[in-house]
Amino acid sequence: MSTTTPTEIAKAYEPHEVEARWVARWTELGVFHADPTSTKPAFALACPPPNVTGSLHLGHAVNGTVQDILARTKRMQGFEVLWQPGTDHAGIATQFVVEKKLYKEEKKTRHDLGREEFLKRVWAWKQEYGDTIHGQYKRLGASLDYDRWRFTMDESYSHAVRKAFVALYEKGYIYRGNRMINWCTSCLTSLSDLEVTQKEQADKLYHVRYPLASGQGELVVATVRPETMFGDMAVAVNPNDDRYKALVGQLVKLPLTDRTIPVIADEHVEVDFGTGALKITPAHDMNDYEIGLRHNLEVRNTLTPRGILNEAAGPYAGQHRDKARKLVVADLEEQGFLTKIEDYTHNVGRCSRCDTVLEPYLSDQWFVRMDELAKPAIDVVESGEVKFHPDRWGGVYLDWMRNIRDWNISRQLWWGHQIPIWYCPDGHYTTGETDPTACATCQKTELTRDNDVLDTWFSSALWTYATLGWPDETPELAKFHPTTVLSTARDIIYLWVARMIFTSLAFRKEIPFSHVIIHATILDPEGRRMSKSKGTGVDPLVVMDKFGTDAARFWMAGAGTSSQDVRFREEKIETYRNFANKLWNASRFVLMKAAPEGSGVPARPARLESAVDRWIVSRLHAVVADVTRHIEAFDFSDATTALYEFTWNELCDWYLELAKPRLDAGDESVRWVLREVLDTLLRLLHPFMPFITEEIHQLLVARGWSEAAETLQHRAWPQADPTAADPEAEAEMGLLIETVRTLRNMRAELKIEPAKLAPKVFIVATPADRAALERISGLIARMARAEEVVVAGLDAPPDAGKAATGLAGENQVILPLEGFGDVIAKEVTRLQKELVNLEQEQGRVHGQLGNEAFVGKAPAAVVDKLRARQEEIGTQLETIRQQLAKWT
RNA sequence: GGGCGUUUAGCUCAGUUGGUUAGAGCGCCACGUUGACAUCGUGGAGGCCACUGGUUCGAGUCCAGUAAUGCCCACCA
């Protein structure tokens with residue numbers, strides 16, 4: 001493939017070929033490679049590593065765009081930029097998809113293959129999707145340092161994970177606990193609280209009769225899970241519940257069994273929920289477990305890890321929990337133990353991965369004790385050392401950190417970092433950065449390693465520094481850590497952002513990043529969250545193919561930093577496809593008309609005579625300042641708006657149109673201004689639309705019309721020149737625009753054929769505007785399709801004969817109607833409409849100014865402005881009334 | 001049950017520290033093939049800024065409340 005920009009210019013921008021060419025070219029030039037020995041100031045971003053579960057979705061593309069804009073801008077601003085890429089092994093998620101595939105294709109489970117063989121399959125999967133992701137980022141134009149691609153299970157990264165585990169263990173932060181955890185009976189692993197999704201579910205509340213052992217009466221308990229009754233160890237009532245006070249301490253018979261259990265009193269029981277009596281199943285309910293601890297109840301497990309009732313359930317053993325419930329209910333019913341069944345809707349915790357209803361399960365797991373570790377992580381956000389954008393997310397983070405609970409880090413999976421703990425026959429634990437050969441406590445050498453792996457977030461928590469070589473003190477670490485900005489989705493603030501902050505503080509004694517951008521979530525056109533399973537996900541590549549990557553990026557830049565969530569619609573991207581084409585054609589115009597081959601580089605004029613030139617330069621520098629400021633504040637959406645409006649509404653609609661006759665006349669200053677504006681604009685647009693801007697830039701370079709850089713990434717970011725601000729030129733241009741619009745409007749309302757030139761147009765100018773209007777009369781004529789525009793003073797109004805009159809401020813625009821047919825009726829209608837509008841406004845203004853409180857208290861500038869307007873309205877009304885009188 | 005958002009034109013969204021005529025894109029209507037661009041141009045129609053009170057000379061913007069809607073967090077069986 002050729003890597004040079006073609007010289008002939010297509011009529012419409014063709015993204016595909018251009019994009020492929022530049023992706024290759026950037027790589028060839030090595031512009032994305034970060035140099036730790038550079039003397040430039042560092043700017044580092046760690047790209048959130050996507051899961052290797054599949055390919056990138058729109059959310060990744062949005063986040064990639066946000067980060068790329070920063071990376072590209074900062075490079076141009078003279079920073080040594082590192083944008084660190086990589087992928088996450090995503091333990092449970094990846095294992096889950098590979099198991100699913102395995103079952104679908106070979107009808108095998110991971111146990112059929114065995115651990116080693118299964119892991120081979122996962123690595124193969126990882127290879128495939130890791131490559132896909134790599135390619136997708138390149139397509140997006142992401143200026144990641146691809147040479148530094150990392151994977152959370154790379155050897156060096158695994159070393160960091162091991163180091164982190166051992167360090168925490170040795171400081172006493174990691175402990176083994178036999179505790180209630182969330183258990184997935186399908187994935188067969190424990191989950192952290194964050195991996196639980198609460199979902200509302202319609203269930204039944206069964207009222208079950210527990211007869212008193214004494215034979216005198218009964219206690220009725222309400223439960224949604226009667227099948228767990230074989231684990232019941234007590235019935236609890238509230239100590240203040242008068243109904244049951246006398247029963248506390250007595251025994252009740254557990255239905256369907258021959259066991260008796262005690263009635264106990266516990267504050268936890270709500271008097272007015274259900275029957276006020278709660279069956280206590282310590283092994284299968286978090287609360288019951290707590291109550292059991294308080295009352296020394298036995299924890300009797302009645303379920304297997306797969307959710308099958310075990311031998312403790314007597315005749316029901318071997319039944320799955322759902323089936324067992326039906327059987328138990330039927331038997332209770334039959335034996336007269338069931339007094340009532342109520343409909344009951346409540347929240348049920350489900351596996352965020354496979355949606356299976358989770359089981360509270362007592363088991364041995366490894367935990368990280370969080371209380372002490374959380375403290376500094378709270379401090380750095382409270383102090384503003386780490387800032388969230390928008391800042392409300394800082395509050396969300398703090399709420400969570402302040403109420404943090406210990407973190408279950410062991411997972412009963414195969415895919416991941418195997419926990420570096422060895423057990424000796426005596427049950428001692430041994431860990432170490434290298435595999436131990438003997439028990440650290442008793443020196444026995446028969447060691448078995450823990451089979452479990454670490455929560456995938458344990459490893460990604462080290463991302464900002466483990467990717468840079470930690471625990472070794474590498475040059476990269478010295479140069480690029482702490483990183484500057486982290487941009488991510490809000491749903492991993494707890495899972496990932498919070499944990500990066502506390503681990504970095506723990507291991508590096510420094511924050512991992514100064515700014516956290518929480519980008520907006522992209523929704524489907526109906527406002528729902530995009531989801532793969534519902535088929536509402538959008539493949540960014542499809543969008544990029546259809547409309548061009550730059551168009552997609554331009555939209556994503558705005559969408560990603562929008563203050564609220566954004567619905568995706570193809571039409572939105574289409575808008576920016578059109579914008580890219582507009583830019584392309586504007587450039588094409590400049591190249592063909594202002595910079596034809598061999599025309600040379602225009603010299604800088606000593607002074608810009610034309611107000612039009614000074615206006616666009618003034619506007620350009622305002623835009624440079626605005627865009628720069630917005631990027632600094634991460635308000636890309638404002639930046640794109642400013643760029644879009646300047647390019648389309650000012651440059652294309654007015655400046656280029658006005659430049660046409662001047663170019664024909666050989667005006668050199670127009671050429672100089674065009675070169676200046678386009679070259680600057682391309683640099684401003686480059687972070688947002690890297691491909692098209694590079695392409696145009698090279699076309700300009702080929703004509704000597706731009707600094708001879710191989711890529712815009714080597715060009716300097718534009719500096720706003722405050723002395724370019726020219727209010728006078730802007731005012732004059734405002735006059736031009738207003739006058740032209742008035743004339744166009746008149747012609748349209750009078751239905752004058754667009755093609756027909758007006759032979760002569762008069763403007764009766766106020767003394768203040770007269771000189772300016774005379775200067776720009778030729779331009780007005782051009783833009784408003786008149787052969788000639790004649791400016792006259794108020795003292796000498798022209799005799800225009802039969803003519804239509806319009807208002808541009810206080811200046812009258814007179815359009816003689818000779819030759820335009822019978823349009824008088826239309827003119828009268830038009831004038832009347834205008835009259836009504838003005839009279840209404842006059843009423844309002846009059847009322848305002850008549851209000852003493854307003855005049856007395858409002859700032860003088862506001863009052864003066866209104867007074868001026870009142871005067872203007874007076875003049876305008878007079879003009880219109882005179883005209884109307886002439887016609888009627 | 002708590003917390004945080006959102007509610008502005010037919011649709012999707014902007015609206016700075018309150019300033020009097022509330023904007024854009026798409027869609028709609030009318031017109032248009034002047035050599036950058038029909039992926040375009042010109043003009044136009046279209047809004048009780050969710051509702052109710054309050055503060056203020058002045059409220060889309062500030063305050064209180066109400067209603068819809070979305071998301072997060074939370075151990076009432």
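In what follows, chains carry the letters A, B, and so on, assigned in the order in which the sequence lines appear, proteins first and then strands, with residues in each chain numbered from 1. No hydrogens, no waters, no symmetry mates; every other heavy atom, side chains included, goes into these values.
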[X] vs [N]: side-chain N/O to OP1/OP2 distance below 4.0 Å:
X	N	result
A:Ser562	B:A14	yes
A:Asn578	B:C40	yes
A:Lys582	B:U39	no
A:Lys857	B:G58	no
A:Lys11	B:G35	no
A:Arg785	B:G41	no
A:Tyr13	B:C37	no
A:Lys279	B:A77	no
A:Arg747	B:U42	no
A:Trp584	B:C40	no

Work out how far the [atom1] atom of [N] is from that of [M], and round it to whole angstrom.
N	M	atom1	value
B:C48	B:U55	P	26 Å
B:A22	B:G46	P	13 Å
B:A30	B:G18	P	44 Å
B:C57	B:C51	P	24 Å
B:U61	B:G54	C1'	15 Å
B:U16	B:U34	P	42 Å
B:U69	B:C75	P	26 Å
B:G5	B:A77	C1'	33 Å

Which part of the nucleic acid, if any, lies within reach of [X] when heavy atoms closer than 4.0 Å are counted: base, sugar-phosphate only, or nothing?
X	result
A:Val269	base
A:Trp555	nothing
A:Gly276	base
A:Phe579	nothing
A:Arg569	sugar-phosphate
A:Pro525	nothing
A:Val396	nothing
A:Met286	nothing
A:Glu657	base

What about [X], does its side chain sit under 3.5 Å from the base of [N] through a donor-acceptor pair?
X	N	result
A:Arg869	B:U21	yes
A:Lys660	B:A36	yes
A:Gln564	B:A14	no
A:Arg567	B:U12	no

For [X] and [N], give me the distance from atom [atom1] to atom [atom2], rounded to whole Å.
X	N	atom1	atom2	result
A:Asn851	B:U56	CG	C1'	12 Å
A:Tyr644	B:A14	OH	C1'	14 Å
A:Arg405	B:C73	CZ	C1'	10 Å
A:Leu656	B:G41	CG	P	12 Å
A:Ile573	B:U12	CD1	C1'	12 Å
A:Asn581	B:U39	CG	C1'	5 Å
A:Glu200	B:C72	CD	P	14 Å
A:Tyr210	B:A77	OH	C1'	11 Å

Go through [options] for me and flag the one nearest to the [X] side chain.
X	options	answer
A:Val862	B:C40, B:G19, B:G3	B:G19
A:Arg490	B:C71, B:G19, B:U39	B:C71
A:Arg741	B:G43, B:A77, B:C13	B:G43
A:Asn347	B:A74, B:A77, B:C40	B:A74
A:Arg577	B:A45, B:U39, B:A77	B:U39
A:Arg529	B:A36, B:A77, B:C72	B:C72

Considering only NZ, NE, NH1 and NH2 on the basic side and carboxylate oxygens on the acidic side, decide whether [X] and [Y] come within less than 4.0 Å.
X	Y	answer
A:Arg830	A:Glu827	yes
A:Glu749	A:Lys826	no
A:Asp864	A:Arg869	no
A:Asp565	A:Arg490	yes

Original post:
Counting heavy atoms not belonging to A:Glu871, are there more than 12 under 6.0 Å from its CD?
Top reply: no
Ignoring hydrogens and angles, state whether a donor on the side chain of [X] or [Y] is under 3.5 Å from an acceptor on the partner side chain.
X	Y	result
A:Thr561	A:His519	no
A:Arg350	A:Gln201	yes
A:Thr281	A:Asp232	yes

Subject >> Residue pair A:Asp266, A:Asn238: steps toward the side-chain hydrogen bond (donor to acceptor under 3.5 Å, both in side chains) verdict >> reply: CA-CA 5 Å; A:Asp266 195 283; A:Asn238 190 290; over 6 Å; no
Subject >> Intra- and inter-strand pairs of RNA chain B in dot-bracket (Watson-Crick or G-U wobble, both distances under 3.5 Å; | for another strand) >> reply: (((((((..((((.....[...)))).(((((.......))))).....(((((..]....))))))))))))....
**OP:** Examine A:Lys572 relative to A:Phe547 and say whether NZ or CZ is less than 6.0 Å from the centre of the six-membered ring and inside a 45° cone about the ring axis.
**Re:** no
Contacts table for residues 576-586 of chain A: side-chain donor-acceptor under 3.5 angstrom, sequence neighbours left out:
from, atom 1, to, atom 2, distance (Å)
A:Arg577, NH2, A:Glu574, OE2, 3.4
A:Asn581, OD1, A:Asn585, ND2, 3.3
A:Trp584, NE1, A:Ala10, O, 2.8
A:Asn585, OD1, A:Arg588, NH1, 3.3
A:Asn585, ND2, A:Lys11, O, 3.2
A:Asn585, ND2, A:Asn581, O, 3.1

Original post:
For the side chain of A:Thr275 and the backbone of A:Val220, is there at least one donor-acceptor N/O pair under 3.5 Å apart?
Top reply: yes
